[in-house]
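Right, one structure below, let's go through it.
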Amino acid sequence: MSTPKESDRLAFIGQLAAGLAHEIRTPLSTLQANLQLLQEDFSEAKDDRERRALQRITLLLKETGRLEEILGDFLRFAAGHKLERRPTDLNRVVGEVLDFVGPEAQQKKVRVLKSFGDLPKVPLDANLFKQALINLVMNAMQAMPDGGELIVRTQKWRDFAQVDVIDTGTGMTADVASKCFDVYYSTKKTGTGLGLPTTRRIIHEHDGTLTVTSEVGKGSCFTMRLPGVGEVEEKQGETITL
Ligand SMILES: Nc1ncnc2c1ncn2[C@@H]1O[C@H](COP(=O)(O)OP(=O)(O)OP(=O)(O)O)[C@@H](O)[C@H]1O
Ligand SMILES: [Mg+2]
């Protein structure tokens, strides 16, 4: 645990870093716009020299696109969210996210199974929560490259609404599971490693918890618990059960 002074300092550094990321974005988009114009200019390359130039421009555009993505991920993670919470039917929001990812799941041969229980209304910023849930669903699908089952289950747990996102994918070793919420931790070639920290942050901002259980070769279960409307803020311990 960090002391209050340390946490102030970390918050300050976070703000500086977010400011820096923001500043970098502006010249980067100028760079990107100009590269796009150059790409158009060279689109009908007449000789080898022009073809090589076009290849380089295309590569540069790809790299600037990647930089833009890294900055976007960082800013989404670092941004202090101003929550707009309204008493919400969580099952409806979860259903909307599953409808949204349905086509991609089908394409990846992932069968989506829903099991919705009765839930208390939750004071929710629906847009932020959707982002959090989509991160979990994307991870689940990425863990099942040859298809599988994605089970999304909701149920009441004490005065909380609980959402489990379960996959039948690769699972995680104890080592990976203990690091998976760390900022910039990723085992994927093109992963940024900000998906889970962002999700956890959003859930914490809702006074909830996000935990995981996982078994190599069997799959993983990510559990979110959000306090219902009118409940006192009661933070649960973060446990990683393996
Ligand atoms: N459902 C899952 N099954 C197996 N491993 C997982 C699962 N979810 C997360 N992980 C592990 O946790 C790591 C961190 O996940 P996280 O979502 O933060 O980053 P990422 O998916 O690698 O990159 P991105 O920033 O694109 O989300 C992953 O690289 C992976 O090793
Ligand atoms: Mg991810």
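For the numbers below, each heavy atom of this structure counts, side chains included, while hydrogens, waters and symmetry mates do not. Indexing begins at 1, ligand by ligand and atom by atom, following the structure's order. Position 1 is the first residue of the sequence; numbering continues from there.
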Give the single entry among T187, L196, T173, L150 that approaches atom 15 (O) of ligand 1 most closely by any heavy atom.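 Heavy atom nearest to atom 15 (O) of ligand 1 belongs to L196.
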
Which heavy atom of the protein is the closest neighbour of [atom], given with residue, atom name and distance?
| atom | answer |
| --- | --- |
| atom 17 (O) of ligand 1 | N139 ND2, 2.8 Å |
| atom 14 (C) of ligand 1 | Y185 O, 3.3 Å |
| atom 21 (O) of ligand 1 | K188 NZ, 2.7 Å |
| atom 25 (O) of ligand 1 | G193 N, 2.9 Å |
| atom 11 (C) of ligand 1 | M172 SD, 3.9 Å |
| atom 26 (O) of ligand 1 | T192 N, 3.7 Å |

So for [X], does at least one of its heavy atoms come nearer than 4.0 angstrom to any atom of ligand 1?
| X | result |
| --- | --- |
| G219 | no |
| D167 | yes |
| F222 | yes |
| G169 | no |

Distance filter under 4.0 Å to [X] heavy atoms, resulting ligand 1 atoms:
| X | result |
| --- | --- |
| G171 | 4 (C) |
| P197 | 18 (O) |
| A143 | 2 (C), 3 (N), 4 (C) |
| V176 | 31 (O) |
| T170 | 4 (C) |

Output yes when a side-chain donor or acceptor of D167 lies under 3.5 Å from a complementary backbone atom of M141, and no otherwise. no

Is [X] touching ligand 1 with its side chain, its backbone, both, or neither, if touching means heavy atoms under 4.0 Å apart?
| X | value |
| --- | --- |
| C180 | both |
| N135 | neither |
| S186 | both |

Should the ring pair Y184 and F74 be called parallel, tilted or perpendicular, given that the plane angle runs from 0 to 90° and is split at 30 and 60? parallel

More than 12 heavy atoms of other residues, nucleotides or ligands under 6.0 Å from [atom1] of [X]: is that the case?
| X | atom1 | answer |
| --- | --- | --- |
| Q106 | CD | no |
| K62 | NZ | no |
| R51 | CZ | yes |

Nearest-0.5 Å distance, OG1 of residue T173 to NZ of residue K179: 8.0 Å

Shell of protein N/O/S atoms around the Mg ion (ligand 2), taken as anything under 2.8 Å: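 Correct list: N139 OD1.
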
